[in-house]
*Asks:* 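Take this structure first; my questions come after.
Numbering of residues begins at 1 and proceeds along the displayed sequence.
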Amino acid sequence: MVRVPFRAAADRVRHRLSRLARPASRPRATAPKAPRAAAGGIPEAPRTPVPGDLAAPAPRPWLRALGMLAVVVLGAWLGLLAVGSIRTPVGPMDTNMTLRPSLTGGSKINVAPLGALELDSHIAPLRLDVDVDRLDPERSQALVDQPERFSGLQDEVTRDVAAGTGELAVRSCVAVISGATALGLVVYRRPRRALAAGGLALALLAASGVSAYATWNPKSVLEPKFSGLLSSAPSLVGDARSIVTEFDIYQQELARLVTNVTKLYDATSTLPVYQPDPGTIRALHVSDIHLNPAAWHIIASLVEQYEIDVIIDSGDTMDHGSAAENGFLDPIRDLGAPYVWVRGNHDSTVTQDYLKKFRNVRVLDDGKAVNVGGLRIAGTGDASFTPDRTGPGGNKAAAQLEGARLASALRDQERAGTPVDIAVAHDPNTARETDGTVPLVLSGHLHRRINEQLKLGTRLKVEGSTGGGGLRAVQNEKPEKVHASVLYLDRSTRRLQAWDEITLGGLGLTTAEVSRHLPEENLKNDSPVPPSSSPSPTGSGTRPAPSP
């Protein structure tokens with residue numbers, strides 16, 4: 001008989017659990033059930049109603065609220081991805097403005113192919129992305145035909161940005177409400193809850209807007225973050241401190257950025273007719289970095305933009321060749337292409353030994369040859385080590401003797417049936433001694449470009465300083481420009497077909513130039529291009545020849 005009250009208590013517990021497991025609903029009138037017979041034929045005691053049981057609130061309301069919030073956030077995000085962006089002109093350029101969910105907020109301006117500019121402009125769960133897609137030919141041509149229009153370009157840019165952000169705000173509201181409402185209808189299948197989700201999404205967007213407005217930081221332009229090629233030329237946006245104190249000057253500097261990008265695009269659209277095919281080998285020639293850390297960002301960007309097969313460094317990566325400087329070389333591991341290096345007169349054997357440990361680096365010395373990137377390359381280190389610049393010109397006789405040794409090694413390679421495609425030496429005096437033994441020889445050392453066809457047929461290419469003279473450049477009266485070259489070589493013959501010379505403004509300068517050159521023998525075979533054709537640098541295959 002003791003089991004009867006125990007069974008009644010168990011029924012009450014099961015009843016409570018079943019009500020917690022399902023949403024509370026309005027009680028329905030039901031006929032009273034007859035008491036069930038317990039074991040032994042004795043009727044079960046009637047169930048005692050629990051006070052307040054029928055009017056109990058919905059179980060675990062915080063879980064249901066959290067579910068609604070997840071639906072709202074996911075729906076709003078999907079809405080922004082689908083239709084939360086606009087395409088709008090800004091001056092002569094076509095841009096794409098988008099609001100993106102973000103934990104940190106801020107603004108990001110992508111200026112392809114130069115890089116990106118990030119600003120900590122606000123704190124909100126939304127980030128503004130502005131992508132510069134292309135230069136409109138008609139609007140840019142109008143600026144070229146009417147240079148006086150540049151004076152009013154800053155006002156035009158300001159109006160375009162204001163109009164674009166206004167339209168983006170309206171479209172974002174529609175996108176957020178539509179996305180949250182649609183997802184709410186799919187999940188809950190009740191119009192009332194779907195509308196509640198849309199209303200909550202609008203409230204969250206409004207709260208985000210208020211947060212962005214309240215935390216708006218106009219001084220964020222004092223500490224911009226640059227990436228890509230822009231990291232080497234932050235002065236493109238003008239004097240940052242004048243942005244806060246003199247907004248008119250900032251508008252002019254912003255217009256100057258647009259002008260410079262316009263000129264860069266215009267330059268790349270008028271390059272000579274040579275177009276690399278998918279099989280073209282692309283080698284990046286750099287030299288005389290001289291401890292400038294900005295050079296690694298430039299090289300990495302060029303490797304990505306031009307899809308470089310091999311990087312060739314003709315020396316003077318360091319200033320003193322000390323072991324303390326070795327850490328400067330570590331970014332070479334992440335440049336994304338094999339790295340061929342020869343020792344310069346500012347590099348030591350300590351530097352050379354450190355680089356030999358890198359898996360993607362091929363150190364050349366004493367005429368050693370390697371196969372890398374589809375090319376056979378040989379080189380030698382500089383005959384002199386003058387980190388204190390006591391001998392600025394180096395020892396010419398020693399350089400020529402080292403060149404004779406390199407030429408002898410090249411002839412040995414030829415006789416062995418493994419001819420070399422490119423020779424590398426730091427000093428041009430060394431490089432000249434290889435005339436007649438190799439089609440192309442690369443060097444540096446002079447901090448200026450030289451392109452010369454030597455008497456016996458070898459082409460000598462001397463590169464300028466990819467580090468803009470290095471950190472020592474601040475001692476000069478004028479800033480030294482940053483130089484690098486992209487070499488295009490035929491994969492079957494491994495002969496030079498064309499090259500792009502890339503020149504960036506040095507410290508405090510805002511220029512960016514790219515020019516394409518063809519060997520004289522190729523120019524004789526090509527017909528001139530009509531001025532109206534404006535050939536594009538993009539190749540006919542899948543691999544483009546982009547601008548920096």
Side-chain angles (χ1 to χ4, degrees), residues 113 263-287 302-303 305-312 314 373-375 377 420-424 428 431-432 434-436 438-444 446 448-464 466 481-504 511-548:
K263 292 179 179 178
L264 179 61
Y265 274 80
D266 184 61
T268 58
S269 67
T270 57
L271 293 177
V273 70
Y274 170 76
Q275 296 187 5
D277 59 47
T280 300
I281 299 175
R282 300 157 190 250
L284 177 64
H285 182 201
V286 301
S287 189
L302 291 172
V303 167
Q305 293 290 332
Y306 282 86
E307 301 183 12
I308 295 297
D309 296 298
V310 58
I311 306 167
I312 303 175
S314 49
L375 298 169
I377 307 172
V420 170
D421 305 310
I422 300 177
V424 190
R432 291 178 186 277
T434 65
D435 188 16
V438 68
L440 177 64
V441 60
L442 307 178
S443 68
L446 302 180
R448 58 187 175 89
R449 285 191 177 112
I450 295 177
N451 176 52
E452 182 181 349
Q453 192 79 19
L454 301 178
K455 293 181 179 180
L456 299 180
T458 296
R459 180 177 296 276
L460 169 64
K461 286 189 62 58
V462 181
E463 189 54 83
T466 308
K481 293 185 177 182
V482 175
H483 296 95
S485 295
V486 176
L487 313 178
Y488 300 96
L489 299 103
D490 184 87
R491 187 169 293 275
S492 58
T493 64
R494 295 181 296 280
R495 293 297 184 264
L496 184 66
Q497 301 297 306
W499 67 91
D500 288 346
E501 293 182 350
I502 297 142
T503 306
L504 302 176
T511 58
E513 303 170 1
V514 56
S515 58
R516 178 160 296 168
H517 303 269
L518 305 179
E520 294 80 0
E521 57 271 22
N522 290 6
L523 282 172
K524 295 176 182 178
N525 299 327
D526 290 330
S527 58
V529 181
S532 59
S533 63
S534 296
S536 168
T538 303
S540 57
T542 59
R543 290 176 41 149
S547 59

*Asks:* Working note: Asp435 + Lys455, criterion side chain to side chain contact (heavy atoms under 4.5 Å, CB included); need CA distance, chi angles, decisive distance, verdict.
*Replies:* CA-CA 7 Å; Asp435 188 16; Lys455 293 181 179 180; 3.9 Å; yes
*Asks:* Measure the shortest side-chain to side-chain distance between Val286 and Leu302 over non-hydrogen atoms and say whether it is less than 4.5 angstrom.
*Replies:* no
*Asks:* With rounding to the nearest 0.5 angstrom, report the CD1 to NE2 distance, Ile502 to His483.
*Replies:* 11.0 Å
*Asks:* Checking the side chain of Asp309 only, and the main-chain atoms of Arg282 only, is there a donor and an acceptor separated by less than 3.5 Å?
*Replies:* yes
*Asks:* Are any side-chain N or O atoms of Arg491 and backbone N or O atoms of Gly279, one a donor and one an acceptor, separated by less than 3.5 Å?
*Replies:* yes
*Asks:* Less than 4.5 Å apart, side chain to side chain, heavy atoms only: is that true for Leu446 and Pro428?
*Replies:* yes
*Asks:* Taking Glu463 for the side chain and Ser485 for the main chain, is one N or O donor matched with an acceptor at less than 3.5 Å?
*Replies:* yes
*Asks:* Over all heavy atoms of both residues, which pair between Gly444 and Ser287 is shortest? Give the atoms and the distance, please.
*Replies:* CA-OG, 3.4 Å
*Asks:* Rounded to the nearest 0.5 Å, what separation is found between the CD1 atom of Ile311 and the OG1 atom of Thr466?
*Replies:* 10.5 Å
*Asks:* Identify the heavy atoms of Ala283 and Leu489 that sit nearest to each other, and give their distance.
*Replies:* CB-CD1, 4.3 Å
*Asks:* Would you say that Pro439 contacts Leu496 through its side chain, given a criterion of any heavy-atom pair below 4.5 Å between the two side chains?
*Replies:* no
*Asks:* If you take all heavy atoms of Ala431 and Val441, which pair is closest and at what distance?
*Replies:* CB-CG2, 3.5 Å
*Asks:* Is the side chain of Gln497 donor-acceptor paired with the backbone N or O of Arg495 at a distance under 3.5 Å, no angle test?
*Replies:* yes
*Asks:* Any chance you could measure Thr493, atom OG1, to Asp421, atom CG, to the nearest 0.5 Å?
*Replies:* 9.0 Å
*Asks:* Parallel, tilted or perpendicular, judged at 30° and 60°: which one describes the rings of Tyr488 and Tyr306?
*Replies:* tilted
*Asks:* Search all heavy atoms of Thr434 against all heavy atoms of Thr458 and return the closest pair with its distance.
*Replies:* O-OG1, 3.7 Å
*Asks:* Identify whether the distance between the nearest side-chain nitrogen and carboxylate oxygen of Arg459 and Glu452 falls below 4.0 Å.
*Replies:* no
*Asks:* Report the residue from Leu487, Ile377, Val462 that forms a side-chain contact (heavy atoms from CB on, under 4.5 Å) with Leu442.
*Replies:* Leu487
*Asks:* Can you see which heavy atom on His285 is nearest to which on Ser314, and at what distance?
*Replies:* NE2-OG, 3.1 Å
*Asks:* Side chain to side chain contact (heavy atoms under 4.5 Å, CB included) between Lys461 and Trp499: does it pass, once the steps are laid out?
*Replies:* CA-CA 11 Å; Lys461 286 189 62 58; Trp499 67 91; 3.3 Å; yes
